[in-house]
Amino acid sequence: MISGTLTRLKETTHLVVLTGAGISAESGIPTFRDAMTGLWKNYSPEKLSSAKGFSQDPALAWGWYEWRRHKALRAEPNAGHQTIAKLATKLPKVTLITQNVDDLHERAGSQNVLHLHGSIHTARCFECRHPYEHPETSAIVKFPESRIEPPKCEKCGNWVRPNVVWFRELLPAKALREAELAVKECDLMLIVGTSGFVYPVANLPLLAIERNITTIQVNLTETDLDTKVTFDLKGKAGVILPELYKMAFEE
Ligand code: APR
């Protein structure tokens with residue numbers, strides 16, 4: 001199986017990579033649904049990742065995002081992020097699509113990353129969308145102890161919210177269009193560290209599978225894609241991806 005993966009990888013003219021929280025797990029950023037460490041184990045997505053939940057308890061939601069943002073600021077890209085960035089120097093074209101709101105792909109050297117669920121590093125006014133600049137800080141934010149009142153918009157005085165896509169909100173249309181186009185054109189899709197529960201992003205691997213192109217999944221545990229992808233590699237992204245790269249391009 002592995003030799004097939006390597007051959008396809010080396011011969012790829014357009015690789016699409018789709019990542020989820022699993023690729024940042026080894027950088028110490030909690031995923032959402034992993035039983036022990038998942039962010040959702042104590043709080044429902046509704047409460048923390050929806051406009052309704054934010055309006056009902058802005059201090060809880062903003063405290064949660066500040067806790068995650070500070071974790072992301074202190075995190076470093078891992079070998080999985082770095083390998084994906086290196087693939088772009090070896091192949092004619094690589095399109096990187098992520099559901100992650102951290103900037104570890106960019107800090108590993110990836111460019112033009114399509115963030116389909118927004119960014120935790122920027123914020124805007126909940127009402128008038130006026131941009132909000134986070135102040136520099138080295139504070140340690142604990143959750144849920146630190147319920148933090150969100151800042152107020154300097155323009156209209158309403159709450160500031162993170163620039164992430166909440167449940168029942170539309171994804172950035174241009175990024176989603178580019179992502180769908182890339183999946184329709186590519187000849188290999190690599191799906192890393194996503195449970196595949198959240199649509200419309202979860203449709204992208206299915207689009208590739210329908211096109212009968214080669215699909216490779218790298219995940220620690222089972223997902224619905226296990227029996228659908230061409231190659232299903234179980235294990236940590238930070239271990240498997242560098243291994244694949246080494247065997248394909250350095251041996
Ligand atoms: N290497 C590879 N895969 C891993 C690793 C790892 N080191 N650690 C965890 N995983 C896998 C888990 O097995 C799981 O399948 O990563 C996946 C993480 O799944 P989720 O926590 O559901 O994260 P994700 O798929 O990115 O969630 C999608 O849901 O909550 C919303 O907006 C949020 O963008 C998020 C979306």
Side-chain angles (χ1 to χ4, degrees), residues 5 17-54 61 64-65 67-69 71-72 75-84 96-105 108 113-121 161-172 175-176 179 189-206 215-229 231-245:
T5 319
V17 185
L18 169 65
T19 63
I23 189 129
S24 295
E26 291 157 82
S27 297
I29 297 186
T31 61
F32 291 91
R33 293 171 181 83
D34 284 343
M36 293 317 291
T37 58
L39 291 163
W40 297 140
K41 70 180 184 329
N42 296 326
Y43 291 83
S44 79
E46 284 305 313
K47 240 176 148 45
L48 295 170
S49 273
S50 71
K52 186 164 159 256
F54 183 88
W64 183 62
Y65 279 102
W67 171 66
R68 288 177 59 200
R69 184 172 72 86
K71 261 192 177 298
E76 289 300 326
N78 64 55
H81 298 105
Q82 285 152 2
T83 303
I84 291 171
L96 175 51
I97 306 164
T98 189
Q99 301 168 90
N100 298 342
V101 293
D102 62 55
D103 61 352
L104 295 181
H105 279 306
V113 182
L114 296 175
H115 280 272
L116 297 188
H117 289 170
S119 168
I120 202 163
H121 292 293
R161 58 159 286 175
N163 271 342
V164 299
V165 179
W166 280 336
F167 287 98
R168 284 188 305 288
E169 289 189 330
L170 292 176
L171 275 63
L176 182 57
M189 184 169 186
L190 175 60
I191 304 119
V192 185
T194 181
S195 57
F197 284 132
V198 177
Y199 286 80
V201 176
N203 260 329
L204 296 175
L206 303 178
T215 46
I216 304 169
Q217 175 178 239
V218 176
N219 199 306
L220 209 49
T221 62
E222 271 179 33
T223 76
D224 288 351
L225 291 180
D226 283 18
T227 53
K228 300 186 180 105
V229 291
F231 301 108
D232 183 37
L233 308 176
K234 286 291 170 252
K236 290 185 171 183
V239 173
I240 290 184
L241 292 178
E243 212 29 56
L244 272 183
Y245 182 91

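Counting starts at 1 for both ligands and their atoms, following the listed order. In this chain, residues are counted from 1 in sequence order. Computation of the quantities below employed the complete heavy-atom set of this structure, encompassing side-chain atoms and omitting hydrogens, waters and symmetry-equivalent molecules.
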*Taking only heavy atoms of G193, which atoms of ligand 1 are found under 4.0 Å from at least one of them?*
3 (N), 16 (O), 17 (C), 18 (C)
Is there a polar contact, in the sense of an N or O pair closer than 3.5 Å, between [X] and ligand 1?
{"X": "N100", "result": "no"}
{"X": "G20", "result": "no"}
{"X": "F167", "result": "no"}
{"X": "A21", "result": "yes"}
{"X": "K236", "result": "no"}
{"X": "E26", "result": "yes"}

*Identify, with sequence neighbours excluded, every residue that meets side chain to side chain donor-acceptor pair (under 3.5 Å) alongside T194.*
Q99
_Cation-aromatic face contact R69/W64, 6.0 Å, 45 degrees_ = no
*If you draw a 6.0 Å radius around CD in E222, do more than 12 non-hydrogen atoms from other residues or ligands fall strictly inside?*
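It does not: E222 CD has 12 such atoms or fewer within range.
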*Within-4.5 Å side-chain heavy-atom neighbours: L204 and M189*: yes
*Considering only NZ, NE, NH1 and NH2 on the basic side and carboxylate oxygens on the acidic side, decide whether D232 and K234 come within less than 4.0 Å.*
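Yes.
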*With heavy atoms under 4.0 Å as the rule, classify the contact between A25 and ligand 1 as side chain, backbone, both or neither.*
side chain
*For ligand 1, indicate whether the residue H117 contacts it via side chain, backbone, both or neither (heavy-atom separation under 4.0 Å).*
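Side chain only.
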*asked:* Strictly distance-based, threshold 3.5 Å: is any side-chain N or O of S50 a donor or acceptor partner for the main-chain N or O of G53?
replied: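 Confirmed, S50 side chain pairs with G53 backbone.
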_Looking at A72, is its backbone amide N or carbonyl O close enough to the side chain of D102 to form a donor-acceptor pair, meaning the two atoms are under 3.5 Å apart?_
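The answer is no, because no donor-acceptor pair under 3.5 Å joins these two groups.
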*Can you tell which of T98, V198, N219, T31 gets a heavy atom nearest to atom 14 (C) of ligand 1?*
N219
*Looking only at heavy atoms of G235, does any of them come nearer than 4.0 Å to an atom of ligand 1?*
yes
*Spatial distance of atom OG1 (T83) from atom OH (Y245) [nearest 0.5 Å]*: 8.0 Å
